[in-house]
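Position 1 is the first residue of the sequence, and the numbers go up from there. Whatever order the structure lists them in is the order used to number ligands and atoms, beginning at 1.
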Amino acid sequence: MFFMKGSPDEPKCGFSSKVVEALKGENMSFGSFGILTDEEVRQGIKNFSNWPTFPQLYYKGELIGGCDIIMELSESGDLKALLYLSK
Ligand SMILES: N[C@@H](CCC(=O)N[C@@H](CS)C(=O)NCC(=O)O)C(=O)O
């Protein structure tokens with residue numbers, strides 16, 4: 001599940017856009033929520049994860065990370081491993 005600014009088709013932030021491209025590059029299907037549409041969810045997710053920024057990518061209910069972390073995982077090939085092997 002991907003909490004982002006805007007939508008996968010219309011990201012409203014470069015950080016969110018980069019993660020969408022990385023996930024698409026791995027041929028991953030993913031759910032998304034545009035946090036700019038709901039201020040309560042925007043603050044609630046930050047409190048839940050104790051992570052102050054968006055985007056935030058979750059897998060099986062756990063925060064994987066934001067843009068910087070996803071980019072690192074993607075470049076090292078670990079994103080694919082994480083998303084496929086832990087199924
Ligand atoms: N280094 C961050 C960059 C993301 C970031 O700085 N996001 C900012 C600007 S889009 C943010 O979400 N600020 C808090 C907010 O808008 O609620 C990452 O790896 O995800």
Side-chain angles (χ1 to χ4, degrees):
M1 182 68 184
F2 186 45
F3 291 88
M4 65 180 290
K5 294 192 175 179
S7 66
D9 287 337
E10 212 172 322
K12 293 253 159 51
C13 164
F15 300 116
S16 291
S17 177
K18 278 169 89 171
V19 176
V20 166
E21 290 311 311
L23 292 171
K24 283 184 179 169
E26 307 288 2
N27 280 324
M28 283 300 301
S29 59
F30 56 94
S32 68
F33 185 85
I35 50 94
L36 293 178
T37 64
D38 192 323
E39 194 56 31
E40 207 174 323
V41 172
R42 182 178 186 169
Q43 295 307 325
I45 293 287
K46 286 184 191 177
N47 294 342
F48 171 78
S49 59
N50 210 13
W51 189 267
T53 57
F54 291 97
Q56 295 188 21
L57 180 68
Y58 287 78
Y59 187 64
K60 296 192 172 177
E62 281 189 37
L63 177 67
I64 298 179
C67 179
D68 294 345
I69 289 171
I70 303 304
M71 287 307 109
E72 273 175 35
L73 290 172
S74 175
E75 278 157 26
S76 65
D78 289 339
L79 183 61
K80 186 175 248 146
L82 188 77
L83 299 178
Y84 283 97
L85 301 180
S86 60
K87 264 184 190 169

May I have the N/O to N/O pairs between ligand 1 and the protein that fall below 3.5 Å, each with atom names and distance to one decimal?
from     : atom 1 : to  : atom 2 : distance (Å)
ligand 1 : 1 (N)  : D68 : OD2    : 3.1
ligand 1 : 7 (N)  : F54 : O      : 3.0
ligand 1 : 12 (O) : F54 : N      : 2.7
ligand 1 : 12 (O) : F54 : O      : 3.3
ligand 1 : 16 (O) : K5  : NZ     : 2.5
ligand 1 : 16 (O) : R42 : NH2    : 2.7
ligand 1 : 17 (O) : R42 : NE     : 3.0
ligand 1 : 17 (O) : R42 : NH2    : 3.1
ligand 1 : 17 (O) : K46 : NZ     : 2.7
ligand 1 : 19 (O) : C67 : N      : 3.2
ligand 1 : 19 (O) : D68 : N      : 2.7
ligand 1 : 19 (O) : D68 : OD1    : 3.4
ligand 1 : 19 (O) : D68 : OD2    : 3.4
ligand 1 : 20 (O) : C67 : N      : 2.8

inquiry  = Are more than 12 heavy atoms, taken from residues, nucleotides or ligands other than N47, located less than 6.0 Å from that residue's CG atom?
reply    = yes
Contacts of S17 meeting side-chain contact (heavy atoms from CB on, under 4.5 Å) (sequence neighbours excluded), chain-then-number -> P11
Sorted by chain and residue number, the side-chain hydrogen bond (donor to acceptor under 3.5 Å, both in side chains) partners of S29 (sequence neighbours excluded) come out as none
In short, salt bridge (Lys or Arg N to Asp or Glu O under 4.0 Å) pairs touching residues 32-44 with sequence neighbours left out are E39-R42
Margin query: Please determine whether the number of non-hydrogen atoms from other residues, nucleotides or ligands lying under 6.0 Å from atom NZ of K18 exceeds 12.
Written below: no
Hey, what's the ring geometry for F48 with Y58, parallel, tilted or perpendicular (30° and 60° as the breaks)?
tilted
